[in-house]
Amino acid sequence: MRILVVNGPNLDRLGVREPDIYGTQTLGDIERQVRERAAARGVEVDFFQSPAESRIIEYLHREGPEASGVIINPAALTHYSIALYDCLKTLAAPVVEVHLSNLHARTDGSFRTRSVTAPAAVGVITGLGAAGYLLAMEYLIDRNE
Ligand code: DQA
């Protein structure tokens with residue numbers, strides 16, 4: 001079983017980026033936790049991060065067909081990328097959308113409460129920080145067993 005973990009623009013800046021909102025863990029810290037849990041459950045994970053919509057879409061076209069599940073934090077692409085939504089819809093594997101912050105509790109713009117990509121996901125976890133990635137992975141593994 002192979003799960004893809006995809007992160008969008010600016011998530012490589014976690015740790016220094018608005019820590020009051022996104023916490024102090026880096027993306028590397030999150031990756032380590034996910035890899036540890038994946039190893040414990042005997043599952044392979046592949047991480048990909050890019051600021052570029054096109055690179056994320058190319059990655060999903062390439063790797064998606066062989067994946068058992070996809071965990072994606074599309075970051076700002078969440079709020080406007082119909083291209084990413086269309087791409088996620090092409091995948092047979094279940095997609096879980098994850099956000100570190102609670103989009104519904106953000107006060108810096110009403111655009112944040114709207115996800116154009118979420119309808120392509122089986123579910124969305126928002127506001128649980130790094131735990132969201134781990135819970136998404138547990139869900140995808142249990143669903144596949
Ligand atoms: C985010 C929320 C988005 O609104 C924002 O653009 C991000 C991170 C989150 O994980 O909380 O980059 O996806």
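One-based numbering, in listed order, for ligands and for the atoms of each.
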field: Backbone or side-chain N or O of Ala76 under 3.5 Å from ligand 1 N or O
entry: yes
query: When you check the gap from the basic side-chain N to the acidic O, do Asp29 and Arg32 get nearer than 4.0 Å?
result: yes
- request: With heavy atoms only and a cut-off of under 4.0 Å, state how Arg17 meets ligand 1: side chain, backbone, both or neither.
  value: side chain
field: For His79, atoms of ligand 1 separated by under 4.0 Å from a heavy atom
entry: 3 (C), 4 (O)
- request: For ligand 1, find out whether one of its N or O atoms is nearer than 3.5 Å to an N or O atom of Arg112.
  value: yes
query: Under the side chain to side chain donor-acceptor pair (under 3.5 Å) criterion, do Tyr22 and Asn10 qualify, and how do the steps go?
result: CA-CA 11 Å; Tyr22 300 116; Asn10 302 308; over 6 Å; no
statement: Within 4.0 Å of some non-hydrogen atom of Leu103, the atoms of ligand 1 are 2 (C), 4 (O)
- prompt: Nearest heavy-atom pair of Val124 and His99: which atoms, and what distance?
  reply: CG1-CD2, 4.2 Å
- request: State the CZ-CG distance between Arg17 and Leu11, to the nearest 0.5 angstrom.
  value: 5.5 Å
field: side chain to side chain contact (heavy atoms under 4.5 Å, CB included) between Glu31 and Val5, intermediate numbers included
entry: CA-CA 9 Å; Glu31 179 171 344; Val5 184; over 6 Å; no
query: Using a heavy-atom cut-off of under 4.0 Å, does the side chain or the backbone of Asn73 touch ligand 1, or both, or neither?
result: side chain
message: What protein heavy atom lies closest to atom 1 (C) of ligand 1? Include the residue and the distance to one decimal.
response: His99 ND1, 3.7 Å
field: Which atom of Val34 lies closest to which atom of Leu134, heavy atoms considered
entry: CA-CD2, 3.8 Å
- request: Identify the protein heavy atom lying closest to atom 9 (C) of ligand 1, giving its residue, its atom name and the separation to 0.1 Å.
  value: Leu100 N, 3.4 Å
query: Got the closest protein heavy atom to atom 11 (O) of ligand 1, with its distance?
result: Ser101 OG, 2.6 Å
field: Flag, side chain of Thr126 to backbone of Leu103, donor-acceptor distance under 3.5 Å
entry: yes
